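Input: a single structure, listed below in structure tokens.
Note that this is a predicted model, so its numbers are computed, not measured. Each chain gets a letter, A, B and so on, in the order its sequence line appears, and its residues count up from 1. What you see below is based on every heavy atom in this structure, not just the backbone, and it leaves out hydrogens, waters and symmetry mates.
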Protein chains: 2
Amino acid sequence: MRPFKHPEIDAVSLEHLLHALSDPVRMDIVRRLADEGEASCNALDGGRPKSSMSHHFRVLREAGLVWTRNDGTVHMNSLRRKELDKRFPGLMKAVLTAK
Amino acid sequence: MRPFKHPEIDAVSLEHLLHALSDPVRMDIVRRLADEGEASCNALDGGRPKSSMSHHFRVLREAGLVWTRNDGTVHMNSLRRKELDKRFPGLMKAVLTAK
DNA sequence: GCTATTGTTCGAAATATATCGAACTATAGA
DNA sequence: TCTATAGTTCGATATATTTCGAACAATAGC
């Protein structure tokens, strides 16, 4: 698989980012990435079908939240935390803190 | 019209709140309420039909973002800012700051 | 009571989103 | 080259959401 295209952080819209976070499956992915640093799609599927997860990871990537790199057959995902903190100061902290 | 029921702030879910904010019309309403303090539905419609606006205000109310009080035939809306700041510290500030 | 004003509710149509199986692609390793 | 593994893409279905006109409800003022 070729590397993914990720949006420039400045092109990321708040609207799309909030929409991406407003789904429980995706919010769960984001929280786990925030905790665990980097993880494969596989490791975060919670028993859901691969195609469903692939969809959610795509939404997260396109929203600018997640960076995916290829490592063999595995896709390793991570939060674009530093960039996000610059682009939307305080947002991710507030979101991840909220219970 | 009878007074609306607003959710208890502790019953407000981050998920629903983020979804409510992920629509451009509603985000615009929230920004203007943050600026102007209190406003009627009418004052914020931007030329859109009343029924569309009524829908968006309902979503905002049910998400816990907006408080609506009756004042004669007018419905005055305001951000539940203080409560939101307690419930989700830093969130509204980050959202409203983002450009 | 009558009328104008503000919004809500209902119903329908258009659009978007979520979910998931099946087929496919790419890579690692034997 | 063959096989197993990790994800993507496609296509279909189900569900949500947005939008808006039309009918309705509540209040103010005459």
Side-chain angles (χ1 to χ4, degrees), chain A residues 1-7 13-30 32-33 36 38-79, chain B residues 1-7 13-30 32-33 36 38-79:
Chain A
M1 265 144 210
R2 315 175 196 69
F4 293 98
K5 29 180 168 46
H6 299 84
S13 92
L14 180 62
E15 189 182 319
H16 290 144
L17 186 145
L18 295 180
H19 171 255
L21 289 174
S22 73
D23 177 278
V25 176
R26 292 192 292 262
M27 178 62 89
D28 193 54
I29 292 172
V30 167
R32 293 196 51 187
L33 290 178
E36 302 171 22
E38 205 183 30
S40 65
C41 303
N42 188 10
L44 301 176
D45 67 7
R48 269 171 261 272
K50 299 189 296 177
S51 52
S52 300
M53 295 311 287
S54 192
H55 161 69
H56 287 302
F57 276 106
R58 180 143 88 108
V59 172
L60 288 170
R61 270 193 304 268
E62 293 181 348
L65 279 157
V66 164
W67 190 277
T68 306
R69 70 179 175 87
N70 286 335
D71 179 17
T73 66
V74 171
H75 292 188
M76 292 303 285
N77 304 283
S78 53
L79 256 192
Chain B
M1 267 148 210
R2 315 177 196 68
F4 293 98
K5 27 180 169 48
H6 299 83
S13 92
L14 180 62
E15 188 183 321
H16 289 144
L17 186 147
L18 295 178
H19 171 255
L21 289 174
S22 72
D23 176 277
V25 177
R26 291 192 292 262
M27 180 60 91
D28 193 54
I29 292 172
V30 166
R32 295 195 50 190
L33 289 178
E36 303 171 21
E38 206 184 31
S40 66
C41 303
N42 188 12
L44 301 176
D45 67 8
R48 270 172 261 273
K50 300 187 296 175
S51 52
S52 300
M53 295 311 287
S54 191
H55 162 69
H56 287 302
F57 276 107
R58 180 143 87 110
V59 173
L60 289 170
R61 270 194 304 268
E62 292 180 349
L65 278 157
V66 164
W67 189 276
T68 307
R69 71 178 174 86
N70 287 336
D71 179 16
T73 68
V74 172
H75 290 188
M76 292 306 283
N77 304 282
S78 53
L79 257 191

**Between C1' of C:dT9 and CZ of B:F57, the distance in whole Å** = 17 Å
**Asked** Heavy-atom contacts under 4.0 Å between residues 38-54 of chain A and DNA chain D, which residues?
**Response** A:S40, A:C41, A:N42, A:K50, A:S51, A:S54
**Length of the CD-C1' vector between A:E62 and D:dT9, whole Å** = 13 Å
**Message:** For the aromatic rings, using the six-membered ring if either is Trp, is the centroid distance between B:F57 and B:H75 under 6.0 Å?
**Reply:** no
**Message:** Would you call the rings of A:H6 and A:W67 parallel, tilted or perpendicular, taking 30° and 60° as the class edges?
**Reply:** parallel
**Request:** Report yes if at least one side-chain N or O of A:R26 is closer than 4.0 Å to OP1 or OP2 of C:dA18; otherwise report no.
**Result:** yes
**Request:** Please state how far atom CD1 in B:I29 lies from atom C1' in D:dT18, giving the value in whole angstrom units.
**Result:** 13 Å
**Message:** Quick check for you: among C:dA18, D:dT8, D:dT5, whose closest atom lies nearest to any side-chain atom of A:T73?
**Reply:** D:dT5
**Asked** Could you state the CG-C1' distance from B:D71 to C:dT5, rounded to the nearest angstrom?
**Response** 13 Å
**Message:** Regarding A:R61, tell me which of base, sugar-phosphate or nothing describes its non-hydrogen contacts under 4.0 Å with the strands shown.
**Reply:** sugar-phosphate
**Fill in**
A:H55 atom NE2 is separated from C:dA16 atom C1', nearest whole Å, by 10 Å
**Asked** What integer distance in Å separates B:H19:NE2 from D:dT15:C1'?
**Response** 13 Å
**Whole-Å distance separating the CE atom of A:M76 from the P atom of C:dA28** = 15 Å
